Structure formats: C-alpha cells, structure tokens
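Read through the structure below, which is laid out as structure tokens, and then see the notes.
Worth saying up front: this structure is predicted, and the values here are computed from it rather than measured. We name chains A, B, ... by the order of the sequence lines, and we start the count at 1 in each one.
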2 protein chains.
Amino acid sequence: MQTPASDSRAKILDIAESLFSRRGYAGVGMREVALGVGLGKSSLFHHFPTKLELYNEVLARALSRLGDSLAPALRATLDPAARLERLIDALVDGLAEHPTTARLALRSLFEEDEVGYDPEAPPPYEETLRQLIGGFQALIAQGVEAGVFRPVSPGHLTQTLIGATVYHFASSDLGEEILGNPIFSADQVEERKRELKSLVRGGIVADTPATDSQRAR
Amino acid sequence: MQTPASDSRAKILDIAESLFSRRGYAGVGMREVALGVGLGKSSLFHHFPTKLELYNEVLARALSRLGDSLAPALRATLDPAARLERLIDALVDGLAEHPTTARLALRSLFEEDEVGYDPEAPPPYEETLRQLIGGFQALIAQGVEAGVFRPVSPGHLTQTLIGATVYHFASSDLGEEILGNPIFSADQVEERKRELKSLVRGGIVADTPATDSQRAR
DNA sequence: GAACCTACCGACCGATCGGTCGGGTGTCAA
DNA sequence: TTGACACCCGACCGATCGGTCGGTAGGTTC
C-alpha cells in the first residue's frame, strides 16, 4: 500500500509495457518480465492474478495516458479546423512521448483476437479506445457539417489520421530508415506535425485563409 | 513434385497465412496449422524445415503478391501526380484483394523483432518490402523535384500513405465499426480510393488544374 | 522385385508455458 | 508476543511448445 509496495507494481507494468509493445502478448513470457524487473516469476502473480490481466492493465494505462494528452485539444473551444490541428499536435506529442504507446495502441487496434477474448467480454481498455476514436470522428463530422471541411467521410478520415500517426510512431527500424532520421528525435517529431497539418490544411479545410493555430499547447 | 504434392504445400501456406495474419508468429502453433490443413503436425516439417521458414515464406508470398499489383503503376509513364494516384488505386486494390495482406504487411513493418532474427541475417522478405517502399519514395521525390508536388518530405509522405492504407485494411472489427460498413466491401474499397486521392490531390499537388487520371487500370 | 522417392503418420523428446503452493521475512497493530 | 498482512521466493504442476525419429503406403524406375 505504501510507496515501496506500489514500487514493484509500477516497475512490473513498465517492463511489461516495453516487452509487450515489442513482441506482443503471445511473444512475451512471465519469466522474461520477472527477469527484467528483478523479481521471481511467482512474485508477479502477487501483483497481477494472470498474464492477461497484466496485459490489460498495461494497455489500459497506455491508452488512458494517451487519452489524457488528447483531452484538452478535444475540449478546446475553437473552430473545427483549429481544433483538428491542435488535436494532431497533441496526438503526435502523445505518441512521441513514450516509444511504446504507438505500438501498443496499434496492437489494440488490429489484434483484437491475438489474445483469446471471450466474445461477450470485451477487453476493459476498449471503452477508452472507443472514446478516443469517437472524439476524432465527432470533431470531423462537426467540421464537415459546419462547412469548414470539405465533405469527407468522417470515418475514412479518422482511419487515415490514425494510420498516419499511430503507424508512423510504431514503425520499426525499417520505417526509421525511410526517413533517414530517428523517428522520436525532437525535430523529426516537429516535422511530423508540420507535414500532417499541411496535408490536412491543403486537403481538408475548405477555404484557404490560413487558420494560424500553428502552436498548440 | 507433381500436382498433388504441391497441393498440400499451398494449402499449408494458405492456412498459415490466415492464422499468422490474425495472431502473429508467436500466437500460432504448428499443431494449429496442421489441424487446419488436415494433416499431422509432423507432416508440416516435411514441407517446411522450421516454423520460422514457414513464416518467412508466408510473408514473402504475400509481399511479392502485393508487389506484383503495384508494379504496373510504378512503371507507368505518366506525370508524377497521375502516377501517384494510380499507385494509390493499385495499393488499395492489392490490399483489399486478400484480407490477410494488410495485416501481414503491417506486422512485417513494425514487428521486426517479434521473431528473434539474427541481427546479421535480415529476413528474406525484407528486400521485397524495401523495394516497395523505395518505389513510393522515389516517385514522391521525383514529383517534388519536378515541382508538381508541394515541397513535402518524401519520407514522411511515404509513411503517411502506408499508414493510411495498410493500417486501414488491417484494422479489425473496431476499425470497421468506425466506418459503419464492412471495410472490404466493393463500395467501401472504392470510397477509400476516392478519399485518399482527394486528400492527396488537395494537399500534395502544387497547382489545382484537375489532373484527371481518376480511373487507373 | 529391389531400390528409391515423396508424402504422411504417431510417438516421443527436452524445453518452456502460465500458474500454484508452502513457506520465509519484514512491518505494523494490538 | 502474537497475530495479520504485504511481499517475495524456489520448487513444482500439467499442458503445450517446436522439432525428431522410425516407420508405412504408394508410385517410379531399372
């Protein structure tokens, strides 16, 4: 309950996060996690009843962390165009903060059945995920309805933005090789924001008057 | 050597492809593959020496299949803008053809170390992958240099396009829920092409005179 | 009919999987 | 002093992992 107690627990979550993000649920063993933490394997089961619950908690923590960095942008009272740009900034920043986040998010988005979930018992982090996506989609739909966006499909554009951000920060050495620079370096992160926003600005926003909300946060 | 021989081999590849695409390398056992094929487990090792070689062959086949559908678009003698649109059409079609392709490609792009590859022995499909990506990047760089594209970063735009296509067709039920329609249905595939090309057309191409290469192929 | 080949199989191997169990140690409250 | 509890451990469990082995059935070739 006290500090040293939750110390081990947090460390387990940290190690497990880094391992799961790289090799997925099935690719990581509890022995490996324990070794990384510096505990005996059986001690892990003192903090987490099963491997699956450990995995769920890792994902839930990562996704809610990501959600926290998006919340201000989603709540901001700006016109849809400015809010979308700010959302992109926040998403890129959120994904760039921990190299594990994008990979975990990507896994949660396309792996649903790597882990054998009971069809009637959706994973506990799914609600968080659904809210994040819903926020994107609502914002886009709003912008389209207001006429400030071209009449795009909110669903498709949401998919595009997720793919363009989450995939980018999840891609491995090979993706890094494409850019020629380390993906997570500060200037490449900034460049990523610029590229995405310029793509959106030229392709989505209806009128050209530069909505100058460049610096968000 | 004769027809009935390669019959089993192809069936193994098919079953393994569908399983690996859903649950990844570590999440699939040879027993499960054998059961799906309708053979004994030990018979698999008659056709493929190890699990890893089976996996590599599955990936190589899927990626070269994808490469084949992109090749005409990459070789076409058109201006960069028209060629890029045609490439998007081909990529979307190629990914939509088999539901397994996008997931396998995505895994190959961000999982590199799910399988424990010898650092000095890159997986045999990597070359194929590198060529596909290189084709994209070269085309974009060419367009930028010719001034027909805005001065985007070829690396970043490549990442964006891969994310926007591969991720989209790899996303599971949850991604499907976003659109409200089945991702692989013919009209949703067409819509995907339209959305992506309109995004590119508005955001990448420098001048607005409609480069009307709508129908490629 | 002997020799050889491909395709397939069940039985088995050592290793590792997730998870359990009994017990040890330290801390804190009664 | 005596629980009670959190934390941790090594030893162990049945199940499953990738992979091997010896052998069988059928088809060709000489």
Side-chain angles (χ1 to χ4, degrees), chain A residues 1-59 107 111 113-118 121 123-124, chain B residues 1-59 107 111 113-118 121 123-124:
Chain A
M1 203 64 93
Q2 56 275 55
T3 323
S6 48
D7 211 43
S8 275
R9 193 186 150 85
K11 196 167 180 184
I12 293 171
L13 282 170
D14 287 342
I15 300 289
E17 175 164 341
S18 107
L19 288 172
F20 282 138
S21 79
R22 286 206 298 268
R23 286 200 292 281
Y25 179 76
V28 175
M30 293 298 265
R31 279 166 179 84
E32 196 180 357
V33 176
L35 195 74
V37 179
L39 286 180
K41 189 196 58 160
S42 49
S43 300
L44 300 189
F45 291 94
H46 174 74
H47 297 276
F48 303 93
T50 66
K51 182 190 179 185
L52 184 55
E53 295 215 32
L54 170 58
Y55 184 68
N56 284 339
E57 205 143 330
V58 165
L59 249 69
R107 290 187 188 279
E111 272 191 341
D113 55 353
E114 159 141 1
V115 186
Y117 286 116
D118 187 331
Chain B
M1 202 65 89
Q2 57 275 55
T3 324
S6 48
D7 210 43
S8 274
R9 193 186 150 86
K11 195 166 180 184
I12 293 171
L13 282 170
D14 288 341
I15 300 289
E17 174 164 342
S18 105
L19 289 172
F20 282 138
S21 80
R22 287 206 298 268
R23 287 200 291 281
Y25 179 76
V28 175
M30 294 298 265
R31 280 165 180 83
E32 195 181 357
V33 177
L35 195 75
V37 179
L39 286 180
K41 188 197 59 161
S42 49
S43 299
L44 300 189
F45 290 94
H46 175 73
H47 297 276
F48 302 92
T50 65
K51 182 189 178 185
L52 184 55
E53 296 215 29
L54 170 58
Y55 184 68
N56 284 340
E57 205 143 329
V58 164
L59 248 69
R107 290 187 187 280
E111 271 190 343
D113 56 352
E114 158 142 3
V115 186
Y117 286 115
D118 186 332

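With B:Leu54 as reference, B:Phe20 is the one residue of B:Phe45, B:Tyr25, B:Phe20 to meet the side chain to side chain contact (heavy atoms under 4.5 Å, CB included) rule.
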Verdict with reasoning, B:Leu44 to B:His47, per side-chain contact (heavy atoms from CB on, under 4.5 Å): CA-CA 5 Å; B:Leu44 300 189; B:His47 297 276; 5.9 Å; no
message: Does A:Tyr55 form a side-chain contact (heavy atoms from CB on, under 4.5 Å) with A:Val28? I'd like the steps, not just the answer.
response: CA-CA 10 Å; A:Tyr55 184 68; A:Val28 175; over 6 Å; no
task: Evaluate side-chain contact (heavy atoms from CB on, under 4.5 Å) for B:Arg22 paired with B:Ser18, printing each intermediate quantity in order.
output: CA-CA 6 Å; B:Arg22 287 206 298 268; B:Ser18 105; 4.0 Å; yes
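Going from atom CG of A:Leu54 over to atom P of C:dC17 covers 15 Å, rounded to whole Å. We find that CG of A:Leu35 is positioned 17 Å from C1' of C:dG18, with the value rounded to whole Å. Across the protein-nucleic acid pair, A:Asp7 atom CG and C:dG26 atom P stand 19 Å apart, rounded to whole Å. Straight-line distance from the CZ atom of B:Phe48 to the C1' atom of C:dC8: 15 Å, rounded to whole Å. For the pair A:Phe45 CZ and C:dG19 P, the computed distance is 5 Å after rounding to whole Å. Atom NZ in B:Lys11 sits roughly 15 Å away from atom C1' in C:dA7 (whole-Å rounding). The nearest whole Å value for the distance from the CE atom in A:Met30 to the P atom in C:dT20 is 10 Å. Computed from coordinates, the B:Asn56 CG to D:dG18 P distance equals 15 Å when rounded to whole Å.
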Can you pull every protein N or O that's under 3.5 Å from an N or O on nucleotides 11-15 of chain D?
none

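Contact record, B:Ile12 with B:Val37: CA-CG2, 3.7 Å, taken as the closest heavy-atom pair.
Evaluation of the side chain to side chain contact (heavy atoms under 4.5 Å, CB included) rule for A:Thr50 yields A:Leu52, A:Glu53 as partners, not counting sequence neighbours.
Judged purely by atom type and a 3.5 angstrom limit, A:Lys11 has no side-chain atom pairing as donor or acceptor with the backbone of A:Gly36.
Look at A:His46 and you won't find any side-chain N or O under 4.0 angstrom from OP1 or OP2 of D:dC8. Here B:His47 does not reach the OP1 or OP2 of C:dT6: none of its side-chain N or O atoms lies under 4.0 Å away.
B:Val28 comes within 4.0 angstrom of sugar-phosphate atoms only, judged by non-hydrogen atoms across all strands, and of no base.
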